[in-house]
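Worksheet: the structure to be examined is printed underneath.
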Amino acid sequence: MANLYEVKHSNGTTYDVTTDKHHDNHHESDFKDHLLQIIDRTAGSAAGALISGYVLHFTLKGRR
């Protein structure tokens with residue numbers, strides 16, 4: 001089952017990120033790195049560049 005997170009990025013943008021991982025199973029900093037990698041792969045690829053910065057906050061929105 002996939003988990004849907006609302007992720008607030010340091011650039012002020014909020015992203016919806018879906019991942020099979022759950023934050024309770026990881027250290028917070030490792031999980032933020034994981035979320036940032038997903039944002040880089042999806043939003044960064046669409047923009048043609050890596051998204052620089054870091055994850056400020058994430059909230060579990062639900063499961064799919």
Side-chain angles (χ1 to χ4, degrees):
M1 182 176 291
N3 300 296
L4 177 63
Y5 288 90
E6 180 179 272
V7 180
K8 176 76 171 186
H9 191 271
S10 62
N11 67 9
T13 305
T14 301
Y15 299 94
D16 283 338
V17 176
T18 303
T19 178
D20 290 335
K21 295 186 179 183
H22 191 274
H23 68 278
D24 284 342
N25 300 329
H26 305 277
H27 292 286
E28 183 172 336
S29 62
D30 292 338
F31 194 71
K32 285 181 176 181
D33 288 345
H34 169 68
L35 294 172
L36 185 59
Q37 289 173 354
I38 293 172
I39 292 168
D40 279 342
R41 280 196 312 264
T42 55
S45 294
L50 288 178
I51 305 295
S52 62
Y54 53 92
V55 171
L56 291 174
H57 180 75
F58 61 86
T59 304
L60 179 64
K61 291 178 70 172
R63 296 171 192 236
R64 295 183 172 184

Any side-chain heavy-atom pair of L56 and H9 under 4.5 Å: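 Not in contact.
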Find out if a path of hydrophobic residues (ILVMFWY) with successive side-chain heavy-atom gaps under 4.5 Å connects L35 to Y54.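 In one cluster: no.
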Tell me if a side-chain donor or acceptor on T42 pairs with a main-chain N or O of I38 at a distance below 3.5 Å.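 Present.
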Checking the side chain of H27 only, and the main-chain atoms of S29 only, is there a donor and an acceptor separated by less than 3.5 Å?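 Between the backbone of S29 and the side chain of H27 there is no qualifying donor-acceptor contact (under 3.5 Å).
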Please lay out, stage by stage, how F31 and H22 fare under the test side-chain contact (heavy atoms from CB on, under 4.5 Å). CA-CA 8 Å; F31 194 71; H22 191 274; 5.9 Å; no
What is the distance from atom CG of N11 to atom CD1 of I39, rounded to the nearest 0.5 Å?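 Answer rounded to 0.5 Å: 8.5 Å.
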Return the OG1 to CZ distance between T18 and R63, rounded to the nearest 0.5 Å.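 With rounding to 0.5 Å, OG1 (T18) is 13.0 Å from CZ (R63).
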Could you report the tightest heavy-atom contact between G53 and S10, atom names first, then the distance?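 Smallest interatomic distance, heavy atoms only, reads CA-OG, 3.4 Å.
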For residues 1-8, which side-chain N or O atoms pair as donor and acceptor with protein atoms under 3.5 Å away, sequence neighbours left out?
| from | atom 1 | to | atom 2 | distance (Å) |
| --- | --- | --- | --- | --- |
| N3 | ND2 | K21 | O | 2.9 |
| Y5 | OH | H23 | N | 3.0 |
| Y5 | OH | H23 | ND1 | 3.0 |
| K8 | NZ | G12 | O | 3.4 |

Please list, chain by chain and in numerical order, all residues satisfying side chain to side chain donor-acceptor pair (under 3.5 Å) with T14, sequence neighbours excluded.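 For T14 there are no side chain to side chain donor-acceptor pair (under 3.5 Å) partners, ignoring immediate neighbours.
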